[in-house]
Structure formats: C-alpha cells, structure tokens
Amino acid sequence: MDIKEIQSLIKFVAKSGATEVKLETDDIKITIRTGDGNYRGATTMVQQIPVGQHMAPMSHAQPEAPAVQTAENAAKEAAKEDSKYITIKSPIIGTFYRKPSPDKPVFVEVGSEIAKGDVLCVIEAMKLFNDIESEVSGKIVKVLVEDSSPVEFDQPLFLVDPS
Amino acid sequence: MQIIKLNATDSTNAHLKKMLVGQTLDDFTVVVASEQTNGRGQIGTNWTSEAGKNLTFSILKKMNGFAVDHQFLLNICVSLAVFNTLKAIHIPDLSIKWPNDILSGSSKVCGILIENTLAGNQIQASVIGIGLNVNQTNFTNLPNATSIKLLLGRSFDLDELLNMVLTNLEKIFISLEKGGNNTLWTAYENVLFRKNKPSTFQNGAGDYFMGFITGVSEMGKLLVTLEDDVLKEFNLKEVKLLY
C-alpha cells in the first residue's frame, strides 16, 4: 500500500462519518481515527508487517475508495491537517532529487532551518535540472517524497513550519 | 559579456552556481575551464574531457518571466546554437538526439546540461553547461564519442569556437524573446536524430518495440508513431532509442 492509497483511504474514512476504522491484511495493519475533539485531525497508524510475499489486494476493504484522487486533493488534505504548516509543492512533473549529486549530502532534512531562496531539492525533467528554491522561511517539518522518485505537478514535497 | 577563464575547476556549472550565491552577475556571464575535475552529465554520470583539448563552459542566462512549463525551449535554444555552430564549420551528418545531444552520424560530439533556478513556477536563471569535443582524438571506453578534429581532420582554435557558440546562442535567445518559439521548435524538430526513420526502442520494462520519431510534445516528451499509427509520447526514463 503506497502513500497515495493511504491518503485516499483516510479521506474515504473521514467522509464516511466513521470515527474509527481498523484494517488488517497479511502484511499491513492500519488504524484510522477521525477527529472528535480529542484529536486535531485524522490520526493514522500504519504498521508494515514484514513478510516475504506481496500484499493481498485491498479492493475488498475499500470498495469506493477514490482511486483517482489527485495530488491537489492530497495537498488540501495535508493543509487541513496541519493548517499552520506551509506545503511546498512541485511546480513540474519530473524526478525528485534531495541531493545535488549522489555523492553529496541532502539539501535539507527534517528540522533544517531554511530561508527564502534556499534550494530545497532538484526536479529533473528531460535533462533539465531545476533547483527548487523556497519561497518561505522556516523549518522543515516533513519530507513527503523519497529521493529519486517521480513527482507529479502540484504534488506536495515538503511541509514547512513558517514560525 | 563577461568571460571568466579558469585553468581548472570541478565543474563549470557548479562554479557558476557558486558564484551566483551572494552576488549579482551580468546576464551572459561565461565560465570556461581548460580542465574539469568533476564534469557532470545526467544525475550520477560524468563528462570526461582531456585537459586543454576541448571546450567545457557554462553560461548564465537570466530570465524575466519565463514559466517553467516552457522549459523545454531551453533545450531547443541551446541545442540549436551548438548545431548551427557545427553546421557553419561543415561538420557532416549533424543531428540533435532528443533531448539535447549533438551527433555527427551516430557519434556524440557535444553534450548539454542545463540547470535552472526556480522560484514558484518561474525560472529565475539558467546555468547552461556545454561540453564540446574539439581537439581530443582518443576516446577509449567511449565508443559513441567523437570530436571536431576526428571529423574534419584538423585542429580548431578553442576561443574562436567559443565565440561562435556564444554568438549563436545570443542570436537564438533574442529571437526567443521576440516570440520566435514556433520557428525554433520547427527548426529543432527538423533536425532530430532518426526523425521519420523506422527505429527500435526499449521501454522501461525492457521490451523492444518499433516506431518513428515524429517530434516533441509541448512538455518536451518524445513523440513516437507506433506500428498501428498510434502516436505515443515518452519521457526520458520511459524510452531508450537503440542505434
């Protein structure tokens, strides 16, 4: 189950009005609790059970899960969850790199203080390498994409605490 | 135009990018090095070049309101500037291999690496790196590489060639600023390597298929007409042209 499917699932559960959903398959266990005053937003616990086989198809457990949820929706979701944070999104389709080159350290990590204009990552498309500069100052709270993985237009890349 | 000449540096792109931090540079500032100790190609690949024999240089192009959606035009402008230069000195059988290698026959004579600085969806500046094989004649372990000297049988003055490329690049950027997008796009597509020729490709899964390179999409993807007349577009990681 990848991050997008989990995001879809959270959204689905939130819409359904259920306060808690537990889902368990061969290799994954998920508990989703929706906000009821005690929680700031949806809480998700994901536990990956390491087994040597591929996970079972999830379709039986999420019959109407919106499979075509867009990156934009995911961004809104994230924004709702953490409204005090700023989401930095990808301006283009391409490949996301956290390092200027494979032998160099990452541009930023969780906890890094960043200033406006600092380079956060590189997104490459058709041999054009784009240094993505931050438009805000603050602290990196979350890195949402793995190094060297493909990203879509508008896909959230980082959460930044601007305070 | 300011030209900074160095005996050696790690990479002219990296050097120029370092210079950009904390100071304002003029548009078209050029860094040229006789030797690159860590010349770069695509992520994780190198550009190797014998010291003093070739041109390895980078140009700063400042942008004013250039949306990143149009970024493939940069590949087009730079490829065409090099292509036009090599055509002027009568390099035979020239083509541009998508996205931005310059070939003579099926051998690579020039590589290009463009790095943009983005704020939001606007390109602030481009650092254009060009590696042109000029007077090197030995390319051990690089079977697909060639040089101007190997192709024409004589040595060339590096400064003279550098000036030719820079002049052509300036000309092309002026026509771009005047709205010459379509003309440039057509000029690029007209000289694409293996255009409209039956070619073999390999997809990400390792399968082979046949198709004809037809052009380049607005986003810069390669357009290939497949056997059943279906037009499909591919990005760099989805397809490999075998030649």
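Values reported hereafter were calculated over all heavy atoms of this structure, with side chains retained and with hydrogens, waters and symmetry mates removed. Chain naming here is simple, since letters A, B, ... match the order of the sequence lines and numbering starts at 1 in each.
- When all heavy atoms are compared, the tightest approach of B:Ala119 to A:Glu135 is C-OE2, 3.9 Å.
- Counting non-hydrogen atoms of other residues, nucleotides and ligands closer than 6.0 Å to CG of B:Asn64 gives a total of 12 or fewer.
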Decide yes or no on side chain to side chain contact (heavy atoms under 4.5 Å, CB included) for B:Leu236 and A:Glu124, but give the supporting numbers first. CA-CA 10 Å; B:Leu236 202 55; A:Glu124 179 267 337; 4.1 Å; yes
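- The 12-atom threshold is not exceeded at NZ of B:Lys87, counting heavy atoms of other residues, nucleotides or ligands nearer than 6.0 Å.
- In terms of heavy-atom proximity, B:Lys221 sits nearest to A:Met126 at CG-CE, 3.4 Å.
- Here the options are B:Asn121, B:Asn116, B:Val68, the test is side-chain contact (heavy atoms from CB on, under 4.5 Å), and the partner is A:Ile92; only B:Val68 passes.
- Crowding of B:Lys232 atom NZ: a count of heavy atoms from other residues, nucleotides or ligands under 6.0 Å not exceeding 12.
- Enclosure of atom NZ in A:Lys139 is not indicated, since only 12 or fewer non-hydrogen atoms of other residues, nucleotides or ligands lie within 6.0 angstrom.
- A heavy-atom distance below 4.5 Å is found between the side chains of B:Lys17 and A:Asp131.
- Pairing each heavy atom of B:Gly120 with each of A:Pro91, the nearest pair is O-CB, 3.7 Å.
- Taking every heavy atom of both residues into account, B:Gln71 and A:Ala125 meet most closely at NE2-CB, 3.9 Å.
- In this structure, A:Phe129 and B:Leu113 have side chains that are in contact, with non-hydrogen atoms separated by less than 4.5 Å.
- Within 6.0 Å of atom CD in A:Glu113, more than 12 heavy atoms from other residues, nucleotides or ligands are found, so the atom counts as buried in its surroundings.
- Looking at A:Thr95, only its side chain comes within 4.5 Å of chain B, counting heavy atoms on both sides.
- Each of B:Thr117, B:Ile114, B:Leu118 was checked for a side-chain contact (heavy atoms from CB on, under 4.5 Å) with A:Asn130, and the lone residue meeting it is B:Leu118.
- Looking at heavy atoms from C-beta onward, B:Asp101 lies in side-chain contact with A:Lys127 at the 4.5 angstrom threshold.
- Shown here is B:Glu218, whose CD atom has no more than 12 heavy atoms of other residues, nucleotides or ligands within 6.0 Å.
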